[in-house]
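Report on one structure; see the data block that follows.
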Amino acid sequence: MTDQVKYVLDEKDIPETWYNVIADLPEPPHGVLHPATGQPITPDDLATIFPPALIEQEVSDLREIEIPGPVRELYRQWRPSPLFRARRWEKTLNTPARIYYKYEGVSPAGSHKPNTAIPQAYYNKTAGIKKLATETGAGQWGSSLAIACSAFDLECLVFMVKVSSEQKPYRKALMQSFGAEVVPSPSQRTQSGRDILAKDPDCTGSLGIAISEAVEVAAASPDTNYALGSVLNHVCLHQTVIGLECMKQFEMAGDSPDVICACTGGGSNFAGMAFPYLGQNLRGESNTRVVAVEPAACPTLTKGAFAYDYGDTAHLTPMVKMHTLGSSFIPPGFHSGGLRYHGMGPLVSQLLDLQAFEATSVHQLEIFESGVEFAKAELILPAPEANHAVAAARREAIRCREEGVGQTILFNLCGHGHFDMQAYTDYFAGKLKDYEYPAEEIAMALSGLPSVG
Ligand SMILES: *Cc1c(COP(=O)(O)O)cnc(C)c1O
């Protein structure tokens, strides 16, 4: 078929293994340090909050790691996800480029996040854990973990950034539908929450604070563990089903990407799409261009330091070497595009440091303009986060038009926007402004980075 728009694989084509990029790195990952002692962390330190299988995956250098049967069984509910050729959008853009997008919005939570929520719940269940504690910002991760916990009959406690829990009541109801308990953060439930509220009773919360609360709860109880929806190596690993499926779908299409775009918050959907391709590049088998795109209001990769930092505000998490804006970073309230985390996955950070890919930033008016244009052509309304990837793909398509080259562009449409209509409402009402995180603020936040010998 010459005008095909959708490339669909069979259930049997769901990958049997995840791809671990650590196997192809030219040098081993930087060590993870204990938050109190600054010494390298031991598996025992992590065992209070993570199950053994995930700790093993965090440090494994095996290239392929088997996806357990019960996880593949649940993946079948929505995987393999479709790869689309954006034929109608190509016409809108009047570009000679061929644009493809992998659509992760078909999952039960509407994003890529269940790809890791399901295995995380599975490994905790098999380790005898009864309950998972986590944080959520916009609610995508909380919903995904609530669904996964329900599937494996685990309890789920979600600390939801307070401003989001007020602005996004539907996400909260979705989590509750699957039996999760949702607590606005900062809360009185934890010492970390109480400390913040004592200083600032009106604090609207941040991901860094909510992580502190969830880790504190998990560390205090032997049958409760902690789950993180991005950043960590095992999360990036689980997401590689995205890129691995793309490779098979491009074989069906008889094409291959020249450039790949994905948005970055903590880096997991980017890793999921890009790591299998970056692995090919690192092994010298290909030379695919890869572009990470982030908000100008939270410019972790483009303006942050590559340094050891904490993952949370209360400094309960280990220190990892990553691109960071400092753990005290709180993004401006009027920023609507998501992707607000102060740090970045260590593997994504290390690969950027090796110049294995490019990073760029976009302003929020451009992302919503791109997203609405894309929706009118392709009939799918993207999540604001995904709009960053849409905007980057659009820039590439326009470049192809200007240069008169017919390249193949692939981007990750990591979620739909059906729970994010307030952001679109604000955009249509003209309430969104472009905002560049000021250099002085960045310098100030970075001056507080921990000093590591
Ligand atoms: C959570 C989320 C992101 C950001 O997280 P990453 O780990 O960087 O992928 C991006 N897009 C969507 C739709 C999300 O839900």
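The figures here come from the full heavy-atom set of this structure, side chains too, leaving out hydrogens, waters and symmetry mates. For this chain, numbers begin at 1 and follow the sequence in order. Just follow the structure's listing: the first ligand is 1, and inside any ligand the first atom is 1.
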query: Can a cation-pi geometry be assigned to K168 and F419, taking NZ or CZ under 6.0 Å from the six-membered ring centre and within 45° of the ring axis?
result: no

- request: Record the part of V231 in heavy-atom contact with ligand 1 below 4.0 Å; permitted values are side chain, backbone, both and neither.
  value: neither

- request: Report yes if G266 has an N/O atom closer than 3.5 Å to an N/O atom of ligand 1; otherwise report no.
  value: yes

task: Indicate whether the side chain of Q120 and that of N124 have a donor and an acceptor atom separated by less than 3.5 Å.
output: no

message: Check this for me - ligand 1, A386, N or O atoms closer than 3.5 angstrom, yes or no?
response: no

task: Look at the aromatic rings of Y75 and W78 and report parallel, tilted or perpendicular, splitting at 30° and 60°.
output: perpendicular

Q140 neighbourhood, listing ligand 1 atoms whose heavy-atom distance to it stays under 4.0 Å: 15 (O)

field: Distance filter under 4.0 Å to T264 heavy atoms, resulting ligand 1 atoms
entry: 8 (O)

Atoms of ligand 1, numbered as shown, that sit under 4.0 Å from any heavy atom of S230: 6 (P), 7 (O)

- prompt: Centroid-to-centroid, F250 to Y7, below 6.0 Å?
  reply: no

task: Provide, to 0.1 Å, the distance between atom 4 (C) of ligand 1 and the closest protein heavy atom, together with that atom's residue and name.
output: L339 CD2, 3.5 Å

- request: Decide whether an N or O pair under 3.5 Å exists between S268 and ligand 1.
  value: yes

query: Are Q57 and W18 linked by a side-chain donor-acceptor pair shorter than 3.5 Å?
result: no

- prompt: Mind checking whether Y103 and Y101 have parallel, tilted or perpendicular rings, split at 30° and 60°?
  reply: perpendicular

- request: For residues S111 and P114, report the shortest heavy-atom separation together with the two atoms involved.
  value: O-CD, 3.1 Å

Selection from N269, L228, T300 by shortest heavy-atom distance to atom 9 (O) of ligand 1: N269

query: Between E245 and K102, is the closest basic N to carboxylate O distance under 4.0 Å?
result: yes

- prompt: Counting heavy atoms only, which of A389, G229, G345, G265 comes nearest to atom 8 (O) of ligand 1?
  reply: G265

message: Going by the closest heavy atom to atom 2 (C) of ligand 1, which one wins out of K113, H112, E385?
response: K113

- prompt: Any N/O of C263 closer than 3.5 Å to an N/O of ligand 1?
  reply: no

